[in-house]
Amino acid sequence: MNEIKNHCYEFGAFRLDPAEHALLHDGQVVHLPPKAFETLLVLIEHHGHLVEKDELLDEVWSGSFVEEANVAKHVSILRKLFSGYESQEPFIVTVPKHGYRFVAPIHEIDLESNGHGKSRSSNGREIETASPRSSPFLRHAVFQITQHKIVSLLALAILVVGVTAGANYFFLAESASVLTDRDVILLADVENRTGEEIFDGTIKQGLLIQLRQSPFLSILPDSEVRDTLKLMKRSPDERVTREIGREICQRIGIKALIVGTVVKLDRNYSVTLEAIDGETGDSLVITQTQAEGKDGVFGALSNAVTEIRAKLGESLASIETFDKPLKRVTTSSLEAFKAFTMALEMHSKGDRKAAITLFEKAIKIDPEFALAYAYLGNQYDNRRIDLQLQMYLKAYRLRDKVSEREKVILDEYFYGYILMDVDKKLELMKIGKVKYPRDLEIRMAIVRAYFWLGQYEEVVAEAREMSNIDPGFSGFRGHLTAALKKLGRFDEAKETIRKYSQVPDDLRDHLYQIVFVENDSEELHRILESIRKDDKTEVLLLEAAVAGYRGQWRRARGLTDPVIENFIEADSRVSNIQAGQRALWSQMLRAADLGQCRLAKTWGSEILAEGLQKRAGALTARIANALAKCGDLARGQAVISELVKKNPSGTLKAKLWLPIITAEIAFQNGEPEKAIRLMQETEPYERAAGYLTYDIKGRAYLELNENEKAAREFQKILDQRGLDVFSVLYPLAQLGKARAMKDKREYELFFNMWKDADSDLPVLIAAKREYNEL
């Protein structure tokens, strides 16, 4: 394909110029992938004759090892291109099992050095033409003039100047798009007119997976659809018909609605997709494909999606890069995909047990169904973390069987949850963001990474960007609110909560913490009563957290002990497992901080027996730290060492948790200098551990009698009120600062915080003794 051709080809309104490697339509450049252009050139050069697939492979992909499917893919690109411009018979026909034939009439234009050439039509007639060796735009314009007998030199001169001046403009110009890359589209339920149950839901799910491959299109998330249906006084599980979809579009300003149908035609099936204007209901684009037999429906759906993406305005280059057939990114088994679709439906309804059963069924039918493994992993709770990680690993090992977009998601699972390498995860998610700049799921993975690293300013910035992409999307609201709270930006956090007040979620907990800091007792009571209507256990945990913060150890125990006992005695089917886990964790940490070490060790043993510490994170570090703080140095070291051994590249484990636990052990062993050195390593990530690093350094400096430095560390805790609102370390930081400054006024601030504390707490007794000795 390297020989320079000294002629052009005309067919219909198209002109192909081999020398300039250009295809024009009515004088405008048509953008084609290089291999698609070369495929077209070979077919045209063999006009009217069969071109075998092997011959195309040899000429277009000479010297490269590629599959035969590449030929079909590029021929498909050409057909879709021509169908978008022409309405007559196709230019390219398939000769089954052999190859392809270019059948449209053509004119071959020979270009000569003297400025003239000859046009040879497909019937052999020659036509004299002018043929300057300039741009293809100019040659096309001159040919059109001479073909239509326009001989005015003035007209020709004006046209030559105009075409030459505008060549660069036409080269860069693109045809008008139905959508822009800022529009959001809604996907309606696909109407199944086949009478066959296996297509219920599966076509829509397949359509969603295919459309999500596109970096150009942005699909309204299911969560937002359900929320809008609730506001419409409809069931969140109601089918989204054309009519209901229109109403959703009008309510939240969605540009287009995609509707579809699948129909059985004797032995064949027809798949139709249509994009309609969300406001007017007018049809924007429509495409229809047919399949031979039931097993061909997914292939027809893939072709229909490819075509509608092009018609909606996505570039062919983008489609070529991000367009794998549905069977290659999911499964070739309709039965497996049906089970997968039903599992997702059960998940959306909150029936985790049924979802797990159906995902397992899909995997049993097709053991290489990568997405089924990934989604199955998402179903497991904290008691089955090992199973979750196994599923994520199996999915990652099959990542070649998913789309480019889903590869990014599997990277998150692998690096974020298996290796715990948050830095690497963040790096890969940022690359994914470049490929899919409007994909909210990928951006949520970035938000989670920033949050884990304690980079709360970045969480806020990323969430703001997501809000600009889709103002109605609220999936980031929990992370955004928590980040603002941790940064002490309470007014902004409350504004975020008010913005999403109509969406049921856990934002009331964040609001409760903020109002607690602001000491508004009336508002605190109102929020607590609101939560009590939905979740009485949550109220117990909040009240226990407040009691612990205030030094009311006996009250905190009385509130949480029943929750812990129910959790320990229950099995994994109990609905409030997460509440029980939180109660156990939080009460153990409070016990250690308040000097109740016998109970802290007992609950630590229970946590280890349940395997709850396997979810590495701030809680794991605090559990190990609490054990070390209470003198159980061996078990504290064992907890963190086991995690680091399994995942030595884990960012937070290696760079934050391990130094924290090692520093606490060093402090307990009478090595405060070593503790301080170890804490210096954690500075880039220290906020991710709440107050732990500041507390260790403050106590270590106190031990060394470096009181000014100790006071600075405790002040860092006091300056970050929102970082860990109910942590006992906050009032204890005020006590630490008082000890460092040896100032009665600072002690009195602490006593005010603990004015209702249990009088027999060892730390309070010691503080009063120190105060009286000043």
Undergrad: Keeping the roles fixed (side chain from Arg182, backbone from Ile469), state whether a donor-acceptor pair exists under 3.5 Å.
TA: no
Undergrad: Any donor and acceptor pair, going by atom type alone, linking the side chain of Arg438 with main-chain N or O of Asp183 inside 3.5 Å?
TA: yes
Undergrad: For Arg193 and Thr272: C-alpha separation, side-chain torsions, deciding distance, then whether side chain to side chain donor-acceptor pair (under 3.5 Å) applies.
TA: CA-CA 11 Å; Arg193 298 181 185 173; Thr272 302; over 6 Å; no
Undergrad: Other residues, nucleotides and ligands only: do more than 12 of their heavy atoms fall within 6.0 Å of NZ on Lys401?
TA: no
Undergrad: Under the ring pair (Phe, Tyr, Trp, His ring centres under 6.0 Å) rule, what do Tyr413 and Tyr396 come out as? Steps first, then yes or no, please.
TA: CA-CA 8 Å; Tyr413 294 163; Tyr396 184 79; over 10 Å; no
Undergrad: Under the side-chain contact (heavy atoms from CB on, under 4.5 Å) rule, what do Leu16 and Phe37 come out as? Steps first, then yes or no, please.
TA: CA-CA 9 Å; Leu16 185 142; Phe37 180 92; 3.9 Å; yes
Undergrad: Does a sphere of radius 6.0 Å around CD in Glu292 hold more than 12 heavy atoms from other residues, nucleotides or ligands, not counting ones at 6.0 Å or beyond?
TA: no
Undergrad: Answer yes when Glu360 and Lys364 have at least one side-chain N-carboxylate O distance shorter than 4.0 Å, and no when they do not.
TA: no
Undergrad: Between Tyr9 and Leu41, is the side-chain contact (heavy atoms from CB on, under 4.5 Å) condition met? List the steps.
TA: CA-CA 9 Å; Tyr9 301 96; Leu41 181 55; 3.9 Å; yes
Undergrad: Decide if atom CE of Met342 counts as having more than 12 heavy atoms of other residues, nucleotides or ligands within a radius under 6.0 Å.
TA: no
Undergrad: Looking at side-chain heavy atoms only, is the closest gap between Glu224 and Ile252 below 4.5 Å?
TA: yes
Undergrad: May I ask you to check whether over 12 heavy atoms, not counting those of Lys338, lie within 6.0 Å of atom NZ?
TA: yes
Undergrad: Identify the two heavy atoms, one from Ser302 and one from Gln210, that lie closest to each other, and give their separation to 0.1 Å.
TA: OG-NE2, 3.4 Å
Undergrad: Do the two ring centres, one from Phe82 and one from Phe14, sit under 6.0 Å apart?
TA: yes
Undergrad: Near His347 NE2, under 6.0 Å, is it more than 12 heavy atoms from other residues, nucleotides or ligands?
TA: no
Undergrad: Minimum heavy-atom separation for Leu186 and Cys249, please, with both atom names.
TA: CD2-SG, 3.9 Å
Undergrad: Should the pair Phe298 and Phe337 be assigned to parallel (<30°), tilted (30 to 60°) or perpendicular (>60°) ring geometry?
TA: perpendicular
Undergrad: Mark yes or no for whether Ser218, through its side chain, and Val184, through its backbone, hold a donor-acceptor pair below 3.5 Å.
TA: no
Undergrad: Given side chain to side chain donor-acceptor pair (under 3.5 Å), test His46 with Glu55 step by step and report yes or no.
TA: CA-CA 11 Å; His46 295 77; Glu55 185 177 354; 3.2 Å; yes
Undergrad: side-chain contact (heavy atoms from CB on, under 4.5 Å), that's the test. Do Lys435 and Thr321 meet it? Break it down for me.
TA: CA-CA 10 Å; Lys435 293 180 180 179; Thr321 304; over 6 Å; no
Undergrad: Is it true that Lys324 and Glu406 make a salt bridge, defined as a side-chain N closer than 4.0 Å to a carboxylate O?
TA: no
Undergrad: Between Gln290 and Tyr269, is there a donor-acceptor pair closer than 3.5 Å when you use the side chain of the first and the backbone of the second?
TA: no
Undergrad: Can you confirm whether Tyr100 sits close enough to Lys53 that some side-chain heavy atom of one is under 4.5 Å from a side-chain heavy atom of the other?
TA: yes
Undergrad: Tell me if a side-chain donor or acceptor on Glu274 pairs with a main-chain N or O of Val259 at a distance below 3.5 Å.
TA: no
Undergrad: Donor-acceptor pair, Arg443 side chain versus Lys433 backbone, under 3.5 Å?
TA: no
Undergrad: Going by heavy atoms in the side chains, are Met346 and Lys353 under 4.5 Å from each other?
TA: no
Undergrad: If only atom types and distance count, is the side chain of Asp266 paired as donor or acceptor with the main-chain N or O of Asn268 below 3.5 Å?
TA: no
Undergrad: Does CZ in Arg397 sit with more than 12 non-hydrogen atoms of other residues, nucleotides or ligands closer than 6.0 Å?
TA: no
Undergrad: Is it true that a side-chain atom of Lys327 and a backbone atom of Gly299 form a donor plus acceptor pair closer than 3.5 Å?
TA: no
Undergrad: Can a salt bridge be assigned to the pair Lys407 and Glu404 using a cut-off of 4.0 Å between side-chain N and carboxylate O?
TA: yes
Undergrad: So, the side chain of Arg15 versus the backbone of Leu24: is there a donor-acceptor pair under 3.5 Å, distance only?
TA: no
Undergrad: Does any N or O in the side chain of Ser270 come within less than 3.5 Å of the main-chain N or O of Val263, such that one atom is a donor and the other an acceptor?
TA: no
Undergrad: With rounding to the nearest 0.5 Å, note down the distance linking CG in Leu211 to OG1 in Thr306.
TA: 9.5 Å
Undergrad: For the atom pair CD1 (Ile363) and CG (Leu371), what is the distance rounded to the nearest 0.5 Å?
TA: 10.5 Å
Undergrad: Is any side-chain heavy atom of Leu220 closer than 4.5 Å to a side-chain heavy atom of Ile185?
TA: no
Undergrad: Looking only at heavy atoms, which two atoms of Ala36 and Ile77 are closest? And how far apart?
TA: CB-CG2, 4.4 Å
Undergrad: Please tell me if the side chains of Leu334 and Phe199 come closer than 4.5 Å, counting only heavy atoms from C-beta onward.
TA: yes
Undergrad: Starting at CG of Asp200, measure out to OG1 of Thr341 and round the result to the nearest 0.5 Å.
TA: 10.5 Å
Undergrad: Would you please test Thr39 and Val71 for side-chain contact (heavy atoms from CB on, under 4.5 Å) and show each step?
TA: CA-CA 8 Å; Thr39 300; Val71 175; 5.5 Å; no
Undergrad: Could you check if a side-chain atom of Ile356 sits within less than 4.5 angstrom of a side-chain atom of Leu376, using non-hydrogen atoms only?
TA: yes
Undergrad: Rounded to the nearest 0.5 Å, what separates atom CD1 in Ile319 from atom OG in Ser76?
TA: 10.0 Å
Undergrad: So how far is it from Thr330 OG1 to Asp366 CG, rounded to the nearest 0.5 Å?
TA: 8.5 Å
